[in-house]
Amino acid sequence: MTNDGARMDVTMTAGRSFLDNRVNLTGFFSYRQSDILPQGSRSWSACEVTQPTKDAALTCTRSQYTQVGTIIPGSGANAGRVLVNNPNGSGNLIPWGSTQGAAANPFDEFAAQREFNRINAGGFLTVDLSDAAEIYSTFLAYRDRSQNPTPLRIYPSGVYGATPYQVNCNNPFLSASQGQTLCGNAAGTNTLVPFNLLYRFDGLPPAYNKLENLGYRVTGGIRGDVLKAWHYDIAGVYSANRSMLTYPAFPDETRLRQSLIVDNVNGVPTCRTGGSACVPFNPFRAYNNAAAFADYAFQSVDGAQISKPSMWQVLGTVSGDLGEYGIKSPLADQGIAIAAGVEFRAERYIETADALFRETNGGTDNRYTQNILEGNVEAQLPLVEDQSWTQLLQINAGYRRSKYNRLDGAFDTWKVEGLWAPVDDITFRASINKAQAAPTLTQAVSASNINYVTVGSRNDPCATTPDPQNPGRFLAPVASIAACRATGLPDNLYGSQTLSCPDGLCTIRNGGFNLTPETAYTKTFGIVFRPRFVPGLTVSIDRFLIDLDDSISYFSAGDFVNGCVQTQNPYYCRGIVRNPNTYTLYSPAASNPTTGFIIQGTSNGYRSDSHGWDFQGQYALNLQTAGRLDLSFNGTLMTSVGGQESPTVTARQCVGYYGPFCGEGFPKWVHGLRTTWSDASNVVNVSLNWRHQGPMTITFNAEEGLGIPYGAANRRSTYNRIDAYNYFDLATTFNVAKRYVLRLAVNNLFDRDPPLIPNSRSELGLLRNNTVFRYDLLGRQIVAGATVRF
């Protein structure tokens, strides 16, 4: 019964008319704020939940970034062993994860809801000169800021490059036992030995990952009615945004290395280099939250990455009712209506970063531009109206031609729609359209621009990994030896611990793809029923068939890894790029590597489809003195959700499945039913909304013939299904004296927790959630609000 995650919204709107209402000015201001909600505040997300092997007991992912300090010798008999300082302070090194406190939760600092605030402001101006000319303008601006705390960390030396950290074997901070483990026979001498270090400072103030967005949009134009039947609108738009992402504090490499080589000078631990300003650090002491060292070694931030998208737009439209000139069907009352328009857009995207960001994260500054010219025409043709044999027969059509300077040639989209109402109670409708969509400039930039991360990654599927339930024991590789051959790995390295990435997080290369337009063909067929014998009832049923070629989609690193492991198909295995000598999948981000990573990003797929039925219904029932009852229903029955990434990959069917190859999936049936009661005077409204999500099964248990490449050997007995979910939301509204509106709502009334999905990061490409996003992640939410009119 904890109360947390508070949010607040305040909005003020004011306006006034002048000069006999011919000039109108309206402005608004809004402020929104939300408190941080750590993942650990919910039992289902207190850690990253995993099943180390199929149907194994649940466990938490454990991080090598520990509060006691993780030490990995780089030479001698213990080279490569992952050790930690004993949490009991005895001064000896023990295996990582072997006792309480000897491992950490890698995700407990992340938030389900970030600390956030947003300001919106804007204004609207219209000047009515005459029926033929109205000048209008709008101005919108916003600023939002959010941040997320994260512990200060010392990262492994590989983040900076290939050179390992060094420590002198006569370092006064080393105990005799630690010196023997690191240095062997050289213990107590002036010898420098290599080692790796990961340390997490939970006892110090956290660093912050910060995001700020600033933007504005200005429009202006003139519109009006001319020549009896025509309406025109000519407008211009300019919009710009500045987004700055500031990364958490990062240790300066030079100062860190200086702080690790320490001599005993007259009984005082002293840095060997770096002068008097250097602060020695003792990494061989558990829970060493050394504030002085942190102040010396950590930069205030790890640099900032800035993006600046902007757009100029000029457009004009004209529409007319040709019925004013007698151009219409002899069987219809309405005339033919047409509309035409032309539009030009100039887009620009600038991405920059400061020197500090480039030093640790790599990448380059970029500037991209794109110009688009489009023209369109639409027509509405009533053929038959109010005849004894047909109430309405109408055809609508449209055509658009688009030219992008970043693409060769031009492309078009079109639509044809038909309506037929044989009687007032029933209307049949159908449509077919072809839509070609070029990648947006942002999509093109994110697809082509390359950067490197480890956040959200996974370990090499061909490496053995530590068993979190049995310290000192290693689990077999996830992938078969045949799959590992397909990734370019020699047989003699299969199952080698040397393939394991630091903290089990291999390098990910984002981007490096060239996008092309996607093409969709959509067909819909439906019926609308408004029976006169049941006043207030409207029911519609529509069949939709959406088939998409060259779909622009996001492919996670997990998509490529899972696909290669299961199918060995080159389409997937191309996403695993090994280093040529070590065959590892880890490379320092700052080096802009050409090998040693898993790829991910926005790319073109081959084919995908989405087929189903939509059901809608509205019913208004007048209860006379007892008020009014309104019901609204929306349901979707999916019959096909799937696709093919390439012609050589079997088409798959994902309706009712989630997991590898289907991502978060889509239930076969979802619906929402809202029932609202209003009293006779409309002072009180009470609304109950029922949200239903159908059940889903994990793809490991998929039936044969669905194109999901998992056989009987991969079937799961535990955590293999998400049952049907039902949420109920209750809302009430009170209208007081026509000037005051009070609102009270409870969403997720019964506080239903989302389903727990182990391995959601490695199997679904999700980070820090243990569930999928279609479910309520925050729990019961109570909302109170008021509106005051002056």
Side-chain angles (χ1 to χ4, degrees), residues 114 118 141-148 150 159 207-217 237-250 299-313 345-372 404-407 437-457 507-517 552-557 577 587-594 597-604 767:
R114 293 166 66 98
R118 182 183 180 97
Y142 64 89
R143 188 223 68 195
D144 65 63
R145 292 172 178 166
S146 65
Q147 63 180 19
N148 202 56
T150 182
V159 169
Y208 285 91
N209 187 312
K210 299 180 179 180
L211 179 64
E212 179 180 78
N213 284 299
L214 296 168
Y216 65 92
R217 179 176 181 267
V237 180
Y238 178 72
S239 60
N241 171 265
R242 180 181 184 272
S243 178
M244 181 169 68
L245 180 60
T246 304
Y247 290 82
F250 200 84
Q299 303 160 97
S300 58
V301 295
D302 182 29
Q305 192 175 24
I306 300 170
S307 61
K308 297 178 181 179
S310 60
M311 181 189 72
W312 282 100
Q313 184 179 19
R345 297 195 305 275
E347 301 174 353
R348 182 179 67 182
Y349 186 90
I350 299 173
E351 186 175 74
T352 63
D354 59 23
L356 190 56
F357 177 88
R358 293 291 181 227
E359 180 182 339
T360 54
N361 299 280
T364 58
D365 292 354
N366 292 283
R367 182 181 186 275
Y368 301 86
T369 60
Q370 178 171 261
N371 295 330
I372 304 103
Y404 286 66
N405 71 322
R406 292 172 64 92
L407 303 174
T440 66
L441 183 56
T442 302
Q443 286 178 325
V445 169
S446 65
S448 61
N449 198 25
I450 294 174
N451 63 78
Y452 301 87
V453 299
T454 57
V455 175
S457 185
T507 302
I508 290 178
R509 189 200 75 186
N510 286 301
F513 302 92
N514 292 318
L515 297 181
T516 59
I552 297 175
S553 306
Y554 181 82
F555 296 86
S556 71
V577 185
S587 297
S591 65
N592 290 327
T594 57
F597 49 73
I598 306 167
I599 66 174
Q600 74 176 13
T602 303
S603 178
N604 287 101
L767 178 62

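We count residues from 1, following the sequence as given. Just so you know, these numbers come straight off a predicted model, no measurement behind them.
- T454 is linked by a side-chain hydrogen bond (donor to acceptor under 3.5 Å, both in side chains) to nothing, counting only residues two or more places apart in sequence or in another chain.
- Contact annotation: the side chain of P588 never approaches that of Y452 to less than 4.5 Å [non-hydrogen atoms, C-beta and beyond].
- Residues satisfying the side chain to side chain contact (heavy atoms under 4.5 Å, CB included) test with N366, not counting sequence neighbours, are E351, T364, Y368, N449.
- The structure places CD1 of I552 at 7.0 Å from OG1 of T516, a figure rounded to the nearest 0.5 Å.
- Around CG of N514, the count of heavy atoms belonging to other residues, nucleotides or ligands within 6.0 Å does not exceed 12.
- The two atoms that bring T440 and Q370 nearest to each other are C-NE2, 4.4 Å, heavy atoms only.
- The salt bridge (Lys or Arg N to Asp or Glu O under 4.0 Å) check on D144 picks up R118, with sequence neighbours excluded.
- Side-chain atoms of R509 and V577, non-hydrogen and from C-beta on, never get closer than 4.5 Å to each other.
- In terms of heavy-atom proximity, A304 sits nearest to T246 at CB-OG1, 4.1 Å.
- For E347, the salt bridge (Lys or Arg N to Asp or Glu O under 4.0 Å) criterion is met by R345, not counting sequence neighbours.
- Looking at residues two or more places apart in sequence or on another chain, you find no side-chain hydrogen bond (donor to acceptor under 3.5 Å, both in side chains) involving T369.
- Enclosure of atom CZ in R406 by more than 12 non-hydrogen atoms of other residues, nucleotides or ligands within 6.0 angstrom is indicated.
- Contacts of S587 classified as side-chain hydrogen bond (donor to acceptor under 3.5 Å, both in side chains), with partners at least two apart in sequence or in another chain: N579.
- A pairwise comparison of heavy atoms in L211 and S243 identifies CD1-OG, 3.7 Å as the closest pair.
- Of all heavy-atom pairs spanning A447 and T602, the tightest one is CB-O, 3.2 Å.
- A557 pairs by the side chain to side chain contact (heavy atoms under 4.5 Å, CB included) definition with I508, I598, Q600, not counting sequence neighbours.
- Interatomic distance, CE of M244 versus CG of N213, reported as 10.0 Å (0.5 Å rounding).
- Under the salt bridge (Lys or Arg N to Asp or Glu O under 4.0 Å) criterion, R145 pairs with E212, not counting sequence neighbours.
- Remark: the backbone N or O of N405 is not paired with any side-chain donor or acceptor of N371 at under 3.5 angstrom.
- Partners of P248 according to the side chain to side chain contact (heavy atoms under 4.5 Å, CB included) rule, which considers only residues two or more places apart in sequence or in another chain, are T150, A207, N209.
- Pairing each heavy atom of G303 with each of D354, the nearest pair is CA-OD1, 3.2 Å.
- Partners of Y142 under the side-chain hydrogen bond (donor to acceptor under 3.5 Å, both in side chains) rule, at least two apart in sequence or in another chain, are N241.
- In this structure, CG on N451 lies 6.5 Å from CD on Q305, to the nearest 0.5 angstrom.
- One distance of note links CD of Q299 with CG of L356; it measures 4.5 Å at 0.5 Å rounding.
- Listed by chain and number, the residues in a side chain to side chain contact (heavy atoms under 4.5 Å, CB included) with S603 are F513, F555 (sequence neighbours excluded).
- In this structure, OG on S310 lies 13.5 Å from CZ on R242, to the nearest 0.5 angstrom.
- In this structure Y247 satisfies the ring pair (Phe, Tyr, Trp, His ring centres under 6.0 Å) test together with F357, sequence neighbours excluded.
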